[in-house]
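Single-structure report; data block below.
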Amino acid sequence: MKNYMRSICFLALIAFSLLLNSCTGKLEVGNIDLVNWKNDRYGCNGLRIQQLDEIQKMKNDFLGANNQELIKTFGRPDRVILVDKSQSYFYYFLDPSEQCDNHDTETSPLKVMFRMNAINKVSEVNISRLDP
């Protein structure tokens, strides 16, 4: 009987966590044009860089967001870097990256980097040409 109740509680916990994950929505992004953002994968078309001022204004508003909210809002990251078991980075390129034909080989591309902590929450947002 104890194992049965334990199993029921475990299944209920899983169902509840799946429900919470599925209920995540898009983030508030101010005047960022998300259609242009999503149509500029790797920053190849120069559409994301036009959003730089708005991203700089809004970046601290994304702190505490979870990874699913970021993906639903900005689309799949251009690159995900796993630093260790407790943190990772989501990269969205603003300038053309090495995936683009018009990539500038002389400079590193400007990118927005969302640092994700162990529970997949944004703990830091940087806009930089440097890697962490």
Side-chain angles (χ1 to χ4, degrees):
M1 185 68 166
K2 273 187 177 179
N3 286 339
Y4 177 73
M5 290 303 289
R6 210 176 274 159
S7 296
I8 295 287
C9 288
F10 181 69
L11 289 174
L13 181 64
I14 289 174
F16 182 70
S17 66
L18 288 173
L19 179 66
L20 282 179
N21 243 358
S22 67
C23 291
T24 59
K26 291 184 177 181
L27 299 168
E28 177 59 42
V29 294
N31 294 324
I32 297 171
D33 185 339
L34 292 176
V35 172
N36 280 348
W37 184 276
K38 290 178 182 178
N39 287 328
D40 195 13
R41 192 96 168 111
Y42 299 105
C44 295
N45 299 323
L47 300 174
R48 287 183 183 170
I49 194 68
Q50 297 171 8
Q51 312 292 322
L52 180 59
D53 290 340
E54 194 65 24
I55 282 282
Q56 286 175 326
K57 281 194 290 189
M58 300 283 304
K59 74 178 193 169
N60 290 332
D61 294 344
F62 303 131
L63 296 174
N66 68 44
N67 61 350
Q68 291 302 308
E69 290 171 322
L70 282 180
I71 292 169
K72 285 182 179 180
T73 303
F74 294 108
R76 193 175 44 141
D78 296 329
R79 184 174 294 155
V80 177
I81 304 294
L82 181 63
V83 178
D84 56 34
K85 291 181 182 179
S86 66
Q87 65 179 334
S88 60
Y89 285 88
F90 280 14
Y91 284 17
Y92 293 92
F93 290 99
L94 299 174
D95 286 336
S97 73
E98 64 273 359
Q99 302 292 327
C100 305
D101 292 336
N102 57 341
H103 170 64
D104 181 0
T105 56
E106 299 295 317
T107 61
S108 295
L110 188 64
K111 56 196 158 285
V112 179
M113 296 173 285
F114 293 94
R115 182 179 182 176
M116 311 300 288
N117 62 21
I119 57 172
N120 290 319
K121 299 275 187 180
V122 176
S123 60
E124 183 180 356
V125 182
N126 285 313
I127 301 169
S128 177
R129 294 186 186 283
L130 302 175
D131 288 329

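These numbers were taken from a predicted model, which means no experiment stands behind them.
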- Applying ring-ring contact (aromatic ring centres under 6.0 Å, His included), name anything that partners Phe93, two or more places apart in sequence or on another chain. none

Does any N or O in the side chain of [X] come within less than 3.5 Å of the main-chain N or O of [Y], such that one atom is a donor and the other an acceptor?
{"X": "Asp33", "Y": "Val35", "result": "yes"}
{"X": "Arg41", "Y": "Pro77", "result": "yes"}
{"X": "Arg48", "Y": "Lys111", "result": "no"}

I'd like to check the side-chain hydrogen bond (donor to acceptor under 3.5 Å, both in side chains) partners of [X]; sequence neighbours left out, ordered by chain and number.
{"X": "Tyr89", "value": "none"}
{"X": "Asp95", "value": "Arg129"}
{"X": "Asn126", "value": "Glu124"}
{"X": "Asn120", "value": "none"}

- Should side-chain heavy atoms under 4.5 Å link Ile, Leu, Val, Met, Phe, Trp and Tyr, which residues sit in the same cluster as Leu82? none

- When Asn67, Ile81, Asn66 are each screened for side chain to side chain contact (heavy atoms under 4.5 Å, CB included) with Met116, the one that passes is Asn67

- Query: Is the ring centre of Phe74 less than 6.0 Å from the ring centre of Phe62?
  - Reply: yes

- Should the pair Lys57-Glu54 be classified as a salt bridge under the 4.0 Å nitrogen-to-oxygen rule? yes

- Counting heavy atoms not belonging to Asn31, are there more than 12 under 6.0 Å from its CG? no

